[in-house]
Amino acid sequence: MDDKKNISGNDVNKKILNPQSNDKVKAKYNIVEAEAQTKKFWDENKIFKFDKKRKGKIFSVDTPPPTVSGKMHIGHAFQYSQQDFITRFWRMKENVFCPFGTDDNGLPTGLLVERLKQVRSKDMSRSEFVKLCLETLKEITPSFIQDWKNIGVSCDYDIYYSTIDDNSRKMSQKSFIDLFNDGRVYKKEFPTLWCTQCQTAIAQAELEDKDLPSKFSTLKFSLEGKDLLIATTRPELLGACVGIFVNPKDKRYAGYVGKNALVPLFNYEVPIIADASADMEKGTGVLMVCSYGDKYDVEAINRHKLVPRLIISLDGTLIVDPYRGMKIRDARARILEDLEKNNLILDQKDMEHTVNVHDKCGTEVEFLTTEQWFIRILDLKKKLISQGKKVKWHPEFMFKRYKNWVEGLEWDWSISRDRHFGVSIPAWFCERCSKTIVASEEELPVDPLQVEKRCPKCSELAVPEEKVFDTWATSSITPQITSSLIGNDVTIPYSVRNNAHDIIRTWDFYTITKSYLHEKKIPWDNMMVSGFVTLKGEKMSKSKGNVIDPRIVLEQYGADALRFWASSAKLGEDLNFQEKDLVTGKKTITKLWNATKFVFMNLEDYDGKKPRKLEMLDKQFLYKLNELVSVCTEAFENYDYAKAKSSTETFFWKMFCDNYLEIVKRRVYNNEPGKKSAQYTLYTSLFTLMKLLAPIMPFITEYIYQKYFKMREKDVSIHLSRWPKIGSIESTQELDLFLDILTRVRQEKSNKKKSMKSEVKLKLSKENMEKLDTMLEDLKNVTNAIAILEEDFDIDFV
RNA sequence: GGGCCUAUAGUCUAGUGGCAAAACGACUCGUUUACACCGAGUAGUCGGCAGUUCGAUUCUGCCUAGGCCCACCA
């Protein structure tokens, strides 16, 4: 526990900046330089440009637009890398459409600008604040997007949208108008979730739990001169009490039903009502109903047609005397004092209880009555679940989270927010006719505050809507927005969307909803859900101070190492951040570089042709490679990039470097007859390995491709080359035996503390001699045997 | 209270109805015509209890612990 608290993000970042390992400057592959060069190459040659005209199936990606926040978070790096593994794999098979966008139209952006510019939007005019937001976005967005390019996310950045740009606003407003015309949208005055800090309505999905200390007080109401005891945590709502519930089965209070009780301090009467929802076990068994303590109160007041007493204003102050003007918290303390003075508290104890707070600011949420816009969805729950089921979720269990959320929905989708910055709701209201007027399609995007509208019926000047949309109302149509950017050449369902599991209930749910409402289709065929990054098992968050800055990781280890790390977690699994994983990634990069250098050192006289006859050992090695290609292809197709990566990594390191290279070294040096066979095998297998790794480590593989392979290959980039075909897979029995014997020789040399170069006399059984007939020369080379004799198996040192 | 996920070596992760695996760390060696960001080798592990089975780390149930989501929160 204490340990965890000591780890601050700063310490971690410092450690990364000044690694203790003595990094020698000898490195020949300069990560930072090579990655910069490669990025430039991709950019200049538009490698990831979507080419409509290209033939073949289109693989379309509904890239999540990150919320503009200054800089990329390590969680972003993790998740977008995972998306990119899949995207790059498919780009080597199909025509990839992968646009990029940023989400910057909503409350988070507004709050960011308030923070950066030290202003309060409510103190400014709407147009002033919107202008400031747009200007600020212009300043900070380019370097924000650069972070995505830096980790190698292979989007076509020219197909770009921001959720506040004209086209997005237009499409978002059009969506609203269509749904309005369909009768799906309604406006209603209703007690809704309200944040008194941000001063806006919020959605169910924006709630977060928080444990707060509280006082549980038993108060004395009075009834016919006797005390009626009611326990509450919210005494400040006494003035909003509109009724008292007791359970109809509760004998203690049976005689009270139908009578009126006197509210302490406020001294007015409220009816006592029998209602089964009152729990006899809780508190005193008597429950006060207030307008509005929670959503239970909302329901109870409606059910009994009680008249609400609204005592809290939108900014969270009381509007009832004598507490008028006081903040809720202050009023609570003051009322308790006053109750105490008047001897109206029987009992009081401290407790901790869980309250709903706004996820953006942590303020306790209130239920306040305001007029808000909703999209009717509660009648569609079943349908939306079955739509969600049509999507293939990776991993599969993520669908259950979606289903769980939809089943638990209790409110329609609240889409309006009382903020300055956002996509305007394109509506006006004629007060005389009580009629809502929506914009026509031709005038979109529109800001109703800037356009005068007259009622078509009575010609009276209509009142413009001041509210804006919640950000999800717009981001829920990202597939349609990106489609519109290319003339609708790609349409839903897209191939895939990727996001972390925290926004299944918002972004994914709302997108499925909108695609259903507009097109009766699912938005994508596949949904890949990423996990979170943790540090020492804890979720990273700014408030805990345990965040890792990806920019520092990039400086020290490079994007390939970062991606290498991100690929080590299976899709959907959380991953602990560990610096040693980056070290491993960096080492792998170096190894790739060194192995490549070595291979090409020996390919100077390679003629590029496949020899008529391949050595048996080479042939069987290539069978093993084919097996790897098969495993990786299937893994990538199933979104299991982690398996593809680890299989390739192991093959490259163990099979290719430690075994195959060691085995054929001498054959190649000494210009023996098998040289051409080895050269062909080296070239082919290294190239295949590069392709298999290209989706995971795009920089080093591209760099190597450009430097070594390009002269013999036609593709401009390795990322536009074809994914390796799965060749024939046949028995590798002899090679396996060969490797087994090699291991035993190495073991023996280690046991005897001999050098691997020490000479031996190798004795093999007749059976093995025959089996390895075609590989004896290689065996001799790699074990440094001066002779191989036919006898019982043994290893003699010379 | 409901749902979901996870539990494997000192650490972090693979994996399987039939010898349990990689990386890092530890230990013992070796090495210079790719690589010390190296090579070879050694030691060390399936949360607990039942059940199904010839056989369970793997399947089932329960328990324990951790995480996430939802509900409750007079």
**Asked** Across the strands shown, which category fits A:Thr218 at heavy-atom distances under 4.0 angstrom: base, sugar-phosphate, nothing?
**Response** nothing

**Prompt:** Using a cut-off of 4.0 Å on non-hydrogen atoms, how would the nucleic acid contact of A:Val289 be classed: base, sugar-phosphate, or nothing?
**Reply:** nothing

**Message:** Between A:Lys220 and A:Asp347 (salt bridge meaning N to carboxylate O under 4.0 Å), is one present in this structure?
**Reply:** no

**Prompt:** If you look at every strand shown and take non-hydrogen atoms under 4.0 Å, does A:Lys295 touch a base, only sugar-phosphate, or nothing?
**Reply:** sugar-phosphate

**Item:** Nucleotide nearest A:Ser755 (side chain, heavy atoms from C-beta), chosen from B:A40, B:C68, B:G30
**Value:** B:G30

**Message:** Before we go on, tell me: are the rings of A:Phe397 and A:Tyr402 under 6.0 Å apart, centre to centre?
**Reply:** no

**Message:** How many whole angstroms separate atom CD1 of A:Ile301 from atom C1' of B:A74?
**Reply:** 14 Å

**Minimum-distance nucleotide (side-chain atoms of A:Asp294 versus B:A71, B:C68, B:A74)** = B:A74

**Polar side-chain contact A:Asn356-B:C73 base: donor and acceptor under 3.5 Å** = yes

**Request:** Nearest whole angstrom, please: distance from the P of B:C37 to the CZ of A:Phe598.
**Result:** 19 Å

**Prompt:** Is the closest basic N to carboxylate O distance between A:Lys360 and A:Glu206 below 4.0 Å?
**Reply:** yes

**Message:** At less than 3.5 Å, do the side-chain atoms of A:Lys586 and the base atoms of B:C37 form a donor-acceptor pair?
**Reply:** no

**Fill in**
Regarding the side chain of A:Ser750, the nearest nucleotide among B:C4, B:G41, B:A34 is B:G41

**Request:** Describe the nucleic acid contact of A:Thr743 in one word from base, sugar-phosphate, nothing, applying a heavy-atom distance below 4.0 Å.
**Result:** sugar-phosphate

**Asked** If you measure from the P atom in B:U58 to the same atom in B:G51, how many Å do you get, rounded?
**Response** 14 Å

**Message:** For a quick test of reading the model: is some side-chain N or O of A:Lys752 closer than 4.0 Å to OP1 or OP2 of B:G41?
**Reply:** no

**Asked** Considering heavy-atom distances to RNA chain B, does A:Asn751 or A:Ile230 have its closest nucleotide positioned more toward the 5' end?
**Response** A:Asn751

**Message:** Give me the distance, rounded to whole Å, that separates B:U33 from B:A26 when you measure between the C1' atoms they each carry.
**Reply:** 33 Å

**Message:** Looking at A:Arg303, I'd like to know if its CZ atom is crowded, meaning that more than 12 non-hydrogen atoms belonging to other residues, nucleotides or ligands lie closer than 6.0 Å.
**Reply:** yes

**Rounded distance (Å) that lies between atom P of B:G25 and atom CD of A:Glu579** = 13 Å

**Listed nucleotide nearest any side-chain atom of A:Trp653, set B:C5, B:A34, B:C38** = B:C38

**Request:** Report which part of the nucleic acid A:Thr590 touches: base, sugar-phosphate, or nothing (heavy-atom distance under 4.0 Å, all strands).
**Result:** base

**Message:** For the C1' atoms, the ones on B:G48 and on B:A43, what distance do you get once it is rounded to whole angstrom?
**Reply:** 27 Å

**Prompt:** Base, sugar-phosphate alone, or nothing: which one does A:Trp593 contact when heavy atoms must sit under 4.0 Å apart?
**Reply:** nothing

**Request:** Report yes if at least one side-chain N or O of A:Tyr669 is closer than 4.0 Å to OP1 or OP2 of B:A34; otherwise report no.
**Result:** yes

**Asked** Side chains of A:Thr534 and A:Asp574: do they bring a donor and an acceptor to under 3.5 Å?
**Response** no

**Prompt:** Any side-chain N or O of A:Lys665 under 4.0 Å from OP1/OP2 of B:A34?
**Reply:** yes

**Message:** Looking at B:A74, I'd like to know if its phosphate oxygens (OP1 or OP2) sit under 4.0 Å from a side-chain N or O belonging to A:Thr233.
**Reply:** yes

**Request:** Consider the side chain of A:Asp209, meaning its heavy atoms from C-beta on, and name the nucleotide among B:C72, B:U42, B:C4 that approaches it most closely.
**Result:** B:C72

**Asked** Can A:Glu236 and A:Arg329 be counted as an ion pair, charged N to O under 4.0 angstrom?
**Response** no

**Message:** Mind checking if A:Ala595 touches a base, just sugar-phosphate, or nothing, with heavy atoms under 4.0 Å?
**Reply:** base

**Message:** Can you confirm whether A:Glu759 is buried at CD, in the sense that more than 12 heavy atoms of other residues, nucleotides or ligands lie under 6.0 Å from that atom?
**Reply:** yes

**Prompt:** Does the distance from a Lys or Arg side-chain N to an Asp or Glu carboxylate O, for A:Arg666 and A:Asp778, drop under 4.0 Å?
**Reply:** no

**Prompt:** Under 6.0 Å from the six-membered ring centre of A:Phe651 and within 45° of its axis: does the NZ or CZ of A:Lys624 meet both?
**Reply:** no

**Prompt:** Taking the side chain of A:Lys282 as heavy atoms from C-beta outward, which of B:A74, B:C29, B:A34 is closest to it?
**Reply:** B:A74

**Prompt:** If you measure from the P atom in B:A40 to the same atom in B:G47, how many Å do you get, rounded?
**Reply:** 30 Å

**Message:** It should be established whether A:Lys587 places a side-chain nitrogen or oxygen under 4.0 Å from OP1 or OP2 of nucleotide B:C38.
**Reply:** yes

**Message:** From NZ of A:Lys591 over to C1' of B:C24, roughly how many Å is that when rounded to an integer?
**Reply:** 16 Å

**Item:** Electrostatic pair A:Glu748:A:Lys752 at N-O distance under 4.0 angstrom
**Value:** yes

**Item:** Contact letters for nucleotides 7-19 of chain B, in which S counts primed atoms plus P, OP1 and OP2 and B counts the base, heavy atoms under 4.0 Å
**Value:** ----BSS-S----

**Request:** Could you check if a side-chain atom of A:Lys665 sits within less than 4.5 angstrom of a side-chain atom of A:Phe598, using non-hydrogen atoms only?
**Result:** yes

**Test log, rule side-chain contact (heavy atoms from CB on, under 4.5 Å), inputs A:Leu287 and A:Ile230** = CA-CA 6 Å; A:Leu287 161 68; A:Ile230 300 182; over 6 Å; no

**Request:** Could you tell me the separation between the OH atom of A:Tyr29 and the C1' atom of B:A34, rounded to a whole number of Å?
**Result:** 17 Å

**Prompt:** How close or far is atom C1' of B:C37 from atom CG of A:Asp658, stated in whole angstroms?
**Reply:** 14 Å

**Message:** Rounding to an integer number of Å, can you tell me how far A:Met756 CE sits from B:G41 P?
**Reply:** 7 Å

**Prompt:** How far does the C1' atom of B:U53 sit from the matching atom of B:U57, given to the nearest Å?
**Reply:** 15 Å

**Message:** Taking any heavy-atom pair under 4.0 Å as a contact, classify A:Glu662: base, sugar-phosphate, or nothing.
**Reply:** base

**Complete:** Of the candidates B:A40, B:A34, B:U42, the side chain of A:Gln747 sits closest to B:U42

**Item:** Between B:A22 and B:G55 - C1' atom distance, rounded Å
**Value:** 27 Å

**Item:** Nearest-angstrom distance, C1' atom, B:C54 to B:U42
**Value:** 35 Å

**Stems involving RNA chain B, each a run of at least 3 consecutive Watson-Crick or G-U pairs under 3.5 Å** = B:1-7 with B:64-70, B:26-30 with B:38-42, B:47-51 with B:59-63

**Prompt:** On a whole-Å scale, what distance lies between the C1' atoms belonging to B:A34 and B:U28?
**Reply:** 26 Å

**Item:** Nearest-nucleotide comparison on RNA chain B, the residue closer to the 5′ end among A:Phe216 and A:Met601
**Value:** A:Met601

**Item:** Option from A:Leu661, A:Leu603, A:Asn602 for which side-chain contact (heavy atoms from CB on, under 4.5 Å) with A:Val668 holds
**Value:** A:Asn602

**Request:** Could you check how far CD1 of A:Ile663 sits from P of B:A34, rounded to whole Å?
**Result:** 16 Å

